[in-house]
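Here the structure is laid out as structure tokens; the discussion comes afterwards.
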Amino acid sequence: MNLDDEKKAFHYAVYDTVSRIPHGNVTTYGHIAYLIGRPQNSRQVGSSLKHLRYIRERLNQEGAGLGEVPWWRVVNSAGIISPRNFGEFEQATLLRGEGVVVSERHKMDLEQYGWFPDDVE
DNA sequence: AATGTGACTTGGG
DNA sequence: TCCCAAGCCACAT
């Protein structure tokens, strides 16, 4: 897979911005897109996070010096964890570990998959 | 090279 | 409220 400079810049901007989300807080894909000056590219923000492990390593090999990127602090515009083939449970666990509570509505979403969180907003 | 997929969001009907 | 089309574009096949 090749990464041209423009794509690398986008990934870097996303990771750098997500890294600034404080512990115990969350924000949205759309807001990250807005903050990096590409308000129409929220979908690509999700893509960057999806490929985080692979791409961050690659950027760091080129000297980016990116630390841990708290990808779990990014949720969708509805304020819930984006469903994605069961990968959302790890995110829910990480957020709960930071004291982030689960909304009543989201709780129902998760229960459909057999997950029953205790903390409810 | 071409097409499919998707960790998204917004606006309109 | 719900549903859908558009806009956008990185990655996978």
Side-chain angles (χ1 to χ4, degrees):
Chain A
M1 180 191 95
N2 74 314
L3 281 183
D4 59 39
D5 291 342
E6 202 167 321
K7 292 176 183 177
K8 281 190 279 192
F10 183 87
H11 289 305
Y12 181 84
V14 170
Y15 300 156
D16 180 53
T17 303
V18 170
S19 295
R20 300 173 193 281
I21 305 172
H23 180 285
N25 288 76
V26 298
T27 190
T28 67
Y29 298 96
H31 188 57
I32 297 297
Y34 168 80
L35 290 175
I36 65 176
R38 302 211 18 199
Q40 319 304 313
N41 293 40
S42 52
R43 192 172 196 131
Q44 283 59 243
V45 170
S47 183
S48 280
L49 294 181
K50 177 179 183 178
H51 303 290
L52 172 62
R53 189 188 323 239
Y54 178 86
I55 295 177
R56 183 187 57 182
E57 180 179 359
R58 180 124 174 198
L59 290 176
N60 280 342
Q61 285 175 355
E62 300 173 13
L66 288 163
E68 183 180 41
V69 178
W71 55 268
W72 58 91
R73 296 177 190 150
V74 183
V75 298
N76 65 26
S77 64
I80 67 175
I81 295 171
S82 284
R84 49 194 194 262
N85 195 42
F86 296 85
E88 62 270 38
F89 300 109
E90 180 189 4
Q91 182 171 6
T93 299
L94 287 166
L95 286 176
R96 288 183 65 203
E98 296 191 352
V100 176
V101 298
V102 180
S103 72
E104 197 53 65
R105 175 178 167 207
H106 192 194
K107 179 186 175 191
M108 294 194 297
D109 290 340
L110 293 172
E111 284 177 347
Q112 290 186 314
Y113 296 100
W115 194 73
F116 302 90
D118 298 324
D119 303 323
V120 176
E121 190 172 13

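Order of the sequence lines fixes the chain letters, A, B, ..., with proteins taken first and strands second; residue numbering starts at 1 for each chain. These values consider heavy atoms only, across backbone and side chains, with no hydrogens, waters or symmetry-generated copies.
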Mind calculating the distance between CD1 (A:Ile55) and C1' (C:dA12) to the nearest angstrom? 12 Å

Could you check whether any side-chain heavy atom of A:Ile32 comes within less than 4.5 Å of a side-chain heavy atom of A:Leu49, counting everything from C-beta outward? no

Any side-chain heavy atom of A:Arg73 sitting closer than 4.5 Å to one from A:Glu98? yes

Heavy-atom side-chain contact between A:Gln91 and A:Val75 under 4.5 Å: yes

So, OP1 or OP2 of C:dC9: does either fall under 4.0 Å of a side-chain N or O from A:Asn41? yes

Interatomic distance, A:Ile81 CD1 vs B:dA7 P [rounded to whole Å]: 14 Å

Can you tell if the side chain of A:Ile81 reaches within under 4.5 Å of the side chain of A:Trp72, non-hydrogen atoms only? no

Rounded off to whole Å, could you give me the CD-to-C1' distance for the A:Gln44 and C:dC11 pair? 11 Å

Quick check: do A:Lys7 and A:Phe10 have side-chain heavy atoms less than 4.5 Å from each other? no

Measure OH/A:Tyr54 against C1'/B:dA7 and give the value in whole Å, please. 19 Å

Polar atoms only, N or O, under 3.5 Å: list the protein pairs with nucleotides 9-13 of chain B and their distances.
{"residue": "B:dT9", "atom": "OP1", "partner": "A:Tyr29", "partner atom": "N", "Å": "3.4"}
{"residue": "B:dT9", "atom": "OP1", "partner": "A:Gly30", "partner atom": "N", "Å": "3.2"}
{"residue": "B:dT9", "atom": "OP1", "partner": "A:Ser77", "partner atom": "N", "Å": "3.2"}
{"residue": "B:dT9", "atom": "OP2", "partner": "A:Ser77", "partner atom": "N", "Å": "2.7"}
{"residue": "B:dT9", "atom": "OP2", "partner": "A:Ser77", "partner atom": "OG", "Å": "3.4"}
{"residue": "B:dT9", "atom": "O4'", "partner": "A:Ser42", "partner atom": "OG", "Å": "3.2"}

To the nearest angstrom, how far is A:Lys7 atom NZ from C:dC9 atom C1'? 8 Å

A:Lys8 vs A:Glu62 side-chain heavy atoms within contact, under 4.5 Å: yes

Check whether any side-chain nitrogen or oxygen of A:His11 sits under 4.0 Å from OP1 or OP2 of C:dC11, and answer yes or no. yes

Interatomic distance, A:Gln40 CD vs C:dA10 P [rounded to whole Å]: 14 Å

Figure out the CG/P separation between A:Leu94 and B:dA7, and round it to whole Å. 18 Å

Whole-Å gap separating P (B:dC8) and CD (A:Glu88): 11 Å

